[in-house]
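Here's the structure we're looking at; comments come further down.
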Amino acid sequence: MINVKKSPADRAIDLIIYLVLGIIMVITLYPFWTQVVISLDGGGVDGAAYASGFVLFPSKITFGSYKLAFQFNELWTGYTYTLLRTGLGVTFSILFTSMTAYPLSKKDLPLNKYFTGMILFTMLFAGGTIPSYLLIKELHMMNTIWALVVPGMIGAFNVLIMRNFFRSIPEELEESARVDGAGYLRIFTQVVLPLSKPVIATVALWVGVGHWNAWFDSLMYITDPGKQVLQVVLRKIIIQNNTSDITLLIQNLGKDTEFSGRQLQATIVMFSIIPMLVVYPFIQKYFVKGVMIGAIKG
Amino acid sequence: MNETAIVSQSNATVHDVKKLERARVRKEKLKKVKQYRVLLLMMVPAVIYYIVFHYLPMYGVLLAFKDFKILKGIVGSPWVGVDVFQKIFHDDYFYTVLKNTIIISFYKLIFGFPVPIIFALLLSEVMNAKYKKLVQTISYLPHFISWVVLAGIFFTFFSMEGPMNTIITYFGGDPVLFLADPRYFRTILVVTGIFQGFGWGSIIYFAAISSIDPMLYEAAIIDGAGRFKRMFYISIPMLIPIIAIMLILSMSGILDAGFDQIFNLYNAQVYSVSDIIDTYVYRKGIVEMSYSYATAVGLFKSVVALILIFVVNRIVKLIGGKDHALW
């Protein structure tokens, strides 16, 4: 854009926009910040954080409630199942989604239209909660990790995104590989996939975050309380039993109530979002890229 | 040789040509199948997956027309026709749930829809690249936090001693038990919904603004157009097509009021204003095990959504957005 000297009015508008966006940032971050403050507050039961209110900083920093949360076994089994489902889920999703999308990227594949139609239709109509639930039950997948991994394995939208990306790879590359005697399988694994890292990364991240944050399927399909994913453990503590469960826990651990239930809740919230907060800035741009790729009509 | 013979002979030739043609096409198809056999085999898992996990549940909606007995299974349970639907349409609570779903959805649309657009417009005015990046990064963040965690955070935020009530009491008001009060619950749904989605929702508009030809702005500057004029006469008109499509698309999801959010935030005190079709289906079906009833309610929702998608697609085509129509 050409450089025009800014008028004082323009500068004033700039300032206002910067300020408004600044306020939006503060409002967005503040709720998260309250959790940080409350979880770290060393003021004891009567401290600033326990009385909550409009807190900006902990009165005294302590990691005591973190130490306490570390002894909370359910949190660790929750972590284990979440990591397991995320790992398996991403691996299977990428494997089968790409295996579906690559053939569909060949326009003259026999029955291509029917396969694509079959997959697209699932975006428009689904059997719903109850029939899916009964299906998982009849397949004897209840209380297994597969109930969390398999049902959402090949998302129609992800197939579309990948197919479009594969189509954008120059035909000549594949042809030259074929001239050299490579079959489709070889072309797929050694030419197409290595060139598709951006789209694979994007879909993997989407699926991964989906698994990390998922809770409803675990709530429905996993009835064994010892096998719940992290989000369900969180739900139990934060939403269902509120603080009584935690108070009980503190008593069981033989601690005096130096920490309030709310403080432990905040700590446990931190436990679940810290991994996300750590990786998020690095992966954020891939997500955005995915939205862009997805917005292009296929 | 008479005429008829000639005619029949030429008919026979046409027939033969057609036959040959068909044989040739079939041969070509077979050749294609052979050529692509590896790729076709690669798709086998996906086909099985879609049949089992997507099409079998569609078959399961038959439950809505049956009196489901667990021991007999879907196939063995007796047909009851539309009895279940009649029961639903005579159930006052169903109308409460339907009304809640539509009201919450509409509120979210009216108040939530413009926010990402305004945010994208503001953000596009920022010239400092670092500041822009920072604002973007922060605004997307809530989208990646689960509603379980967000609900936990909002419980603190809206609790009796929380920041919200601190502000209210500071200005001399009486503290409010926000999340247990039917008067405030929907407002909280709308506000927290915006909090979670505005940044992420702005990406598409921001991309559209960035793709506007800078020459347009340069020409406008030379003509002496100020910032607001540029925004009103260039940015916004260029955004209209994408705004129209986003608006119409969200109309088709009018029966999706946000299961994740509501299920984690609501409680029995506010069921009267917050229970939506999806939460009702869960409680009725999974908790109370009224499978047929819950399936029928769910089917009602799916069918309305499906009809809306078709209507919406038609509208998109009619208003000239053929390229943006779904099919």
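Computed from heavy atoms alone, side chains included, the values below leave out hydrogens, waters and symmetry copies. Proteins come first, then strands; the chains are lettered A, B, ... in the order of their sequence lines, and each starts at number 1.
The structure places CG of A/Leu124 at 12.0 Å from CG of B/Leu308, a figure rounded to the nearest 0.5 Å. Rounding to the nearest 0.5 Å gives a distance of 13.0 Å between CE of A/Met25 and CG of B/Leu141. Interatomic distance, B/Met127 CE to A/Tyr18 OH, rounded to the nearest 0.5 Å: 8.0 Å.
Contacts of B/Asp260 with chain A are made by both backbone and side-chain atoms, with heavy-atom separations under 4.5 Å. Looking at B/Phe263, both its backbone and its side chain come within 4.5 Å of chain A, counting heavy atoms on both sides. Contacts between A/Leu21 and chain B at a heavy-atom distance below 4.5 Å involve backbone atoms as well as side-chain atoms. Contacts of B/Trp147 with chain A are absent, with no heavy-atom separation under 4.5 Å from either backbone or side chain. At a 4.5 Å heavy-atom cutoff, the contact between B/Phe68 and chain A is made by side-chain atoms alone. For a residue to count as touching a neighbouring chain, one of its non-hydrogen atoms must lie under 4.5 Å from one of that chain's; by this rule B/Leu265 does not touch chain A. Contact annotation for B/Gln35: both backbone and side-chain heavy atoms come within less than 4.5 Å of a heavy atom of chain A. For A/Ile273, the part lying near chain B is the side chain, with the backbone staying farther off; criterion is any non-hydrogen pair under 4.5 Å. Proximity to chain A (any heavy atom under 4.5 Å) is shown, for B/Tyr170, by neither the backbone nor the side chain. Looking at A/Ala156, both its backbone and its side chain come within 4.5 Å of chain B, counting heavy atoms on both sides. Proximity to chain B (any heavy atom under 4.5 Å) is restricted, for A/Leu139, to the side chain, taken from C-beta onward. Looking at B/Tyr140, both its backbone and its side chain come within 4.5 Å of chain A, counting heavy atoms on both sides. Both the backbone and the side chain of B/Val148 come within less than 4.5 Å of a heavy atom of chain A. If you measure heavy-atom distances from A/Gln231 to chain B, the contacts under 4.5 Å come from both the backbone and the side chain. Heavy atoms of A/Met270 lying under 4.5 Å from chain B are absent altogether. Heavy atoms of B/Tyr131 lying under 4.5 Å from chain A belong exclusively to its side chain. Proximity to chain B (any heavy atom under 4.5 Å) is shown, for A/Val232, by neither the backbone nor the side chain.
Counted within 6.0 Å of CE on B/Met289, heavy atoms from surrounding residues, nucleotides or ligands total 12 or fewer; the atom is thus considered open. Residue B/Arg283 qualifies as enclosed at atom CZ: its count of foreign heavy atoms under 6.0 Å is above 12.
B/Ser139 has its side chain out of reach of A/Thr28: every pair of non-hydrogen atoms, C-beta onward, lies at least 4.5 Å apart. Within the 4.5 Å cutoff, no side-chain heavy atoms of A/Pro131 are placed close to those of B/Tyr291. Annotation: side chain of B/Leu40 is not in contact with side chain of A/Leu111 (no heavy-atom distance under 4.5 Å). Between B/Leu150 and A/Phe32 the shortest side-chain heavy-atom distance falls below 4.5 Å. In this structure, A/Phe96 and B/Met42 have side chains that are not in contact, with every pair of non-hydrogen atoms separated by 4.5 Å or more. Residues A/Met276 and B/Val149 fail the side-chain proximity criterion, which asks for heavy atoms closer than 4.5 Å. A heavy-atom distance below 4.5 Å is found between the side chains of B/Ile286 and A/Ile130.
Distance alone, capped at 3.5 Å, places no donor-acceptor pair between the A/Asp14 side chain and the B/Val126 backbone. Checking side-chain atoms of A/Tyr102 against main-chain N and O of B/Leu39 turns up no donor-acceptor pair under 3.5 Å. Not a single donor-acceptor pair under 3.5 Å links the side chain of B/Tyr36 to the backbone N or O of A/Pro110. The closest donor-acceptor contact from the side chain of B/Arg227 to the backbone of A/Ile13 lies at 3.5 Å or more, if one exists at all.
Ranked by heavy-atom pairs shorter than 4.5 Å toward chain B, the options A/Phe125, A/Phe188, A/Phe121, A/Tyr280 are led by A/Tyr280. Per-residue heavy-atom pair counts under 4.5 Å with chain B were compared for A/Thr129, A/Thr97, A/Leu29, A/Ile136, and the maximum is reached by A/Leu29. Top candidate by heavy-atom pairs under 4.5 Å with chain B, chosen from A/Val20, A/Leu134, A/Leu234, is A/Leu134. Contact count versus chain B (heavy atoms, under 4.5 Å) is highest, among A/Thr122, A/Leu135, A/Leu277, A/Ile154, for A/Ile154. Considering only heavy-atom pairs separated by less than 4.5 Å from chain B, the leading option among A/Met220, A/Lys137, A/Lys106, A/Met118 is A/Met118. Between chain A and the options B/Ile145, B/Val33, B/Val61, the largest number of non-hydrogen pairs under 4.5 Å is found for B/Ile145. Heavy-atom pairs under 4.5 Å with chain A were tallied for B/Ala151, B/Gly199, B/Pro57; the largest tally goes to B/Pro57. Heavy-atom pairs under 4.5 Å with chain A were tallied for B/Val38, B/Val44, B/Asp278, B/Ile153; the largest tally goes to B/Ile153. With respect to chain B, the highest number of heavy-atom pairs below 4.5 Å among A/Gly210, A/Pro151, A/Gly128, A/Ser132 belongs to A/Pro151. Note: B/Ser302 leads B/Ser302, B/Gly285, B/Gly298 in heavy-atom pairs under 4.5 Å with chain A. The candidate with the highest count of non-hydrogen atom pairs below 4.5 Å against chain A, out of B/Lys29, B/Met164, B/Met58, is B/Met58. Listed options B/Thr295, B/Leu122, B/Asn264 were ranked by heavy-atom pairs under 4.5 angstrom with chain A; first place goes to B/Asn264.
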Trace of the side chain to side chain contact (heavy atoms under 4.5 Å, CB included) decision for A/Leu104 with B/Met43: CA-CA 9 Å; A/Leu104 292 178; B/Met43 290 199 60; 3.9 Å; yes

Step by step, would you call A/Gln265 with B/Phe155 a side chain to side chain contact (heavy atoms under 4.5 Å, CB included)? CA-CA 11 Å; A/Gln265 278 183 338; B/Phe155 286 156; over 6 Å; no

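Within residues 45-54 of chain B, the residues having any heavy atom under 4.5 Å from a heavy atom of chain A are, by residue number, B/Pro45, B/Ala46, B/Val47, B/Tyr49, B/Tyr50, B/Ile51, B/Val52, B/Phe53, B/His54.
Note on ring orientation: taking the six-membered ring where Trp is involved, the planes of A/Tyr30 and B/Phe157 are perpendicular (angle over 60°, cut-offs 30° and 60°). Using bins of under 30°, 30° to 60° and over 60° for the plane-to-plane angle, the ring pair B/Phe259/A/Trp215 lands in the parallel bin.
In terms of heavy atoms, B/Phe144 sits closest to A/Val209 at CD2-CG1, 4.0 Å. Closest of all the heavy-atom pairs between B/Phe119 and A/Ile24 is CD1-CD1, 4.1 Å.
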